[in-house]
*Asks:* 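Got a structure for you, written out below as structure tokens; questions coming shortly.
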Amino acid sequence: MKLSIPGRASTALVVAAATLLTGGAITGAAPAPVAAAAAPDLPVANVKAHLAQLQSIATANGGNRAHGRTGYKASLDYVKAKLDAAGFTTTVQQFTSSSRTGYNLIADWPGGNTNQVVMSGSHLDSVTAGPGINDNGSGSAAVLETALAVARTNYQPTKHLRFAWWGAEELGMVGSRYYVSNLSTASRATISGYLNFDMIGSPNPGYFVYDDDPAIEKTFKTYFTGLGIATEPETEGDGRSDHAPFKNAGIPVGGLFSGADYIKTAAQAAKWGGTSGKAFDACYHSACDTSSNINDTALDRNADALAYAVWSLSS
């Protein structure tokens, strides 16, 4: 997430089945009932394996994965290789910011109604101060694992699925702004929803849901209600991450967040556990935002909520 700039319960979907009856008997021509596809339970070990790779990339490239640095491009190459091998159509979008070349990565899953696109994204860059494993390796890894789960299950949704990893978010959502500004009016109209995941594994986590588009918000809240977890509206990062350009363009948005440098209250600690009087992420934008700066339970829950929303909103 960029700096402020002043001035399990079951993830199965509701199953609909109709039995055709004639005179009390099942007709031989009746098709077998078809159940709605159920979102997979993402293995948190897989998500953490992606984080380990991002940590290794940062370590090998001066300790960060920041815009215009070798660590960012290596991160993008890692994600792209996984998606290409899984059968996605990937596009690298290039832009310039602060006299350095930046990149967005867009991945489309073949099929689905391209006039109804469900898009999920996260920023892939870190700040220069550290490797950015919670901010925002966590969101990037969960979006990647969700995309790979789509391929593993050969999910064929009604709507078209698109995934994105943004560059230069830490400089003011530069990559996502570039993407949205270069969409035609017709292309913007095809995006039925954009879901954003920026910091979802904070070590002293909260469970925050964007209170933007009501249908997307309800989807996430339904998932957490099934886990018995009360959520709160996301306010700390409002307008400070990559959903903002989409929202400003009139595209419905939503997302998840586990907290940054705001302080957890006693009431929040009573509700979610953790330590009151301490930041949700004390290593926010710091060198200590490493692979040890992750709460596995929060990462697991949020990643599964991500997959649940993608399946629910695209079927």
Side-chain angles (χ1 to χ4, degrees), residues 1-5 54 65-69 71-73 75-76 79-80 83 88-98 100-108 117-128 132 134-144 146-147 160-200 208 210 212-213 216 234 236-257 260 285 306 309-310 313:
M1 181 175 294
K2 79 175 186 70
L3 290 164
S4 295
I5 300 176
L54 295 177
R65 301 179 302 100
H67 164 72
R69 310 298 178 93
Y72 179 77
K73 184 58 165 58
S75 299
L76 183 139
V79 175
K80 184 177 185 299
L83 296 164
F88 282 83
T89 300
T90 59
T91 304
V92 176
Q93 187 178 48
Q94 185 172 314
F95 59 89
T96 301
S97 181
S98 302
R100 292 175 180 264
T101 301
Y103 305 94
N104 294 326
L105 175 62
I106 312 298
D108 285 89
V117 178
V118 175
M119 189 169 185
S120 303
S122 58
H123 76 86
L124 188 56
D125 63 316
S126 73
V127 293
T128 57
N134 186 39
D135 185 15
N136 181 39
S138 61
S140 294
V143 173
L144 173 58
T146 299
H160 182 75
L161 292 180
R162 181 174 299 152
F163 300 89
W165 290 262
W166 308 115
E169 187 270 356
E170 298 291 3
L171 302 184
M173 297 92 72
V174 178
S176 55
R177 288 181 190 275
Y178 183 84
Y179 175 82
V180 173
S181 68
N182 281 278
L183 289 173
S184 66
T185 300
S187 293
R188 290 184 189 186
T190 66
I191 303 175
S192 58
Y194 171 72
L195 315 179
N196 195 60
F197 304 92
D198 189 353
M199 302 180 65
I200 60 170
F208 299 98
Y210 294 14
D212 292 292
D213 180 74
I216 298 174
E234 198 285 295
E236 182 179 358
D238 203 12
R240 291 170 55 192
S241 192
D242 293 298
H243 61 293
F246 289 86
K247 182 178 179 179
N248 293 341
I251 296 168
V253 301
L256 300 175
F257 178 57
H285 282 185
L306 190 170
V310 168
L313 295 169

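Values in this document were obtained by computation on a predicted structure and should not be read as measured data.
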*Asks:* Any sub-3.5 Å donor-acceptor pair from Asp125's side-chain atoms to Glu169's backbone N or O?
*Replies:* yes
*Asks:* Determine the sole option in Tyr178, Phe197, Tyr179 for which the ring pair (Phe, Tyr, Trp, His ring centres under 6.0 Å) test with Trp166 is passed.
*Replies:*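 Passing option: Tyr179.
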*Asks:* Give a yes or no answer on whether the side chain of Arg188 reaches the backbone of Ile251 with a donor-acceptor pair at less than 3.5 Å.
*Replies:*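 Flag not set: sc Arg188 to bb Ile251 has no pair under 3.5 Å.
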*Asks:* Working to the nearest 0.5 angstrom, can you tell me the gap between Asn248 CG and Arg177 CZ?
*Replies:*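 Taking CG in Asn248 and CZ in Arg177, the distance rounds to 7.0 Å.
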*Asks:* I need the Ile106 CD1 to Phe163 CZ distance, nearest 0.5 Å.
*Replies:* 12.0 Å
*Asks:* Taking all heavy atoms of Ala249 and all of Val180, pick out the closest pair and write down the distance.
*Replies:*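 What the structure gives for the nearest pair is CB-CG1, 3.7 Å.
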*Asks:* For Tyr72, which residues count as a ring pair (Phe, Tyr, Trp, His ring centres under 6.0 Å) partner, sequence neighbours excluded?
*Replies:* none
*Asks:* Met173 vs His123, test: side-chain contact (heavy atoms from CB on, under 4.5 Å). Steps then yes/no.
*Replies:* CA-CA 8 Å; Met173 297 92 72; His123 76 86; over 6 Å; no
*Asks:* Given 3.5 Å as the limit, does a donor-acceptor pair link the side chain of Arg65 with the main chain of Leu124, or not?
*Replies:* yes
*Asks:* Any chance you could measure Thr91, atom OG1, to Lys80, atom NZ, to the nearest 0.5 Å?
*Replies:* 8.5 Å
*Asks:* Looking at Ile216 and Gly254, what are the two nearest heavy atoms and their distance?
*Replies:*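 Here Ile216 and Gly254 meet closest at CG2-CA, 3.6 Å.
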*Asks:* Would you confirm whether Ser192, through its side chain, and Val117, through its main-chain N or O, come within 3.5 Å as a donor-acceptor pair?
*Replies:*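 Side chain of Ser192 to backbone of Val117, a donor-acceptor pair under 3.5 Å: yes, one is there.
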*Asks:* Can you give me the closest heavy-atom contact between His243 and Tyr194, atom names plus distance?
*Replies:* CA-CE2, 3.7 Å
*Asks:* Any donor-acceptor pair under 3.5 Å linking the side chain of His67 with the backbone of Ser97?
*Replies:*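 Such a contact is found between His67 side chain and Ser97 backbone.
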*Asks:* How far apart are the C-alpha atoms of Val79 and Leu105, what are their side-chain angles, what is the distance that settles it, and do they pass the side-chain contact (heavy atoms from CB on, under 4.5 Å) test?
*Replies:* CA-CA 9 Å; Val79 175; Leu105 175 62; 3.6 Å; yes
*Asks:* Output, in order, the C-alpha distance, side-chain angles, deciding distance and verdict of side-chain contact (heavy atoms from CB on, under 4.5 Å) for Trp165 and Val143.
*Replies:* CA-CA 9 Å; Trp165 290 262; Val143 173; 3.6 Å; yes
*Asks:* Once rounded to the nearest 0.5 Å, what's the spacing between atom OG of Ser126 and atom CG of Asn134?
*Replies:*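 Answer for the OG-CG pair, Ser126 versus Asn134, is 12.5 Å.
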*Asks:* Calculate, to the nearest 0.5 Å, the distance between atoms CZ and OG belonging to Arg69 and Ser75 respectively.
*Replies:* 13.0 Å
*Asks:* Applying the side chain to side chain contact (heavy atoms under 4.5 Å, CB included) test to Pro252, which of Ile191, Asp213, Leu313, Asp212 qualifies?
*Replies:* Asp213
*Asks:* When rounded to the nearest 0.5 angstrom, what is the spacing between CZ in Phe257 and OG in Ser241?
*Replies:*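 If we round to the nearest 0.5 Å, Phe257:CZ and Ser241:OG are 8.5 Å apart.
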*Asks:* Indicate yes or no for a side-chain donor-acceptor contact from Glu170 to the backbone of Gly172 under 3.5 Å, with no hydrogens or angles considered.
*Replies:* no
*Asks:* Report the C-alpha separation of Asn104 and Phe95 in whole Å, then their side-chain angles, then the decisive distance to 0.1 Å, and conclude whether the side-chain contact (heavy atoms from CB on, under 4.5 Å) test is met.
*Replies:* CA-CA 8 Å; Asn104 294 326; Phe95 59 89; 3.6 Å; yes
*Asks:* Between Leu256 and Leu195, is there a side-chain heavy-atom distance shorter than 4.5 Å?
*Replies:* no
*Asks:* Can you check whether Asn196's main-chain N or O pairs, donor with acceptor, with Asp242's side chain at less than 3.5 Å?
*Replies:* no
*Asks:* Got a donor-acceptor contact below 3.5 angstrom from the Ser120 side chain to the Ala164 backbone?
*Replies:* no
*Asks:* Please give me the minimum heavy-atom distance between Glu236 and Glu234, naming the atom from each residue.
*Replies:*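 Between these two residues, the closest heavy atoms are N-OE2, 3.0 Å.
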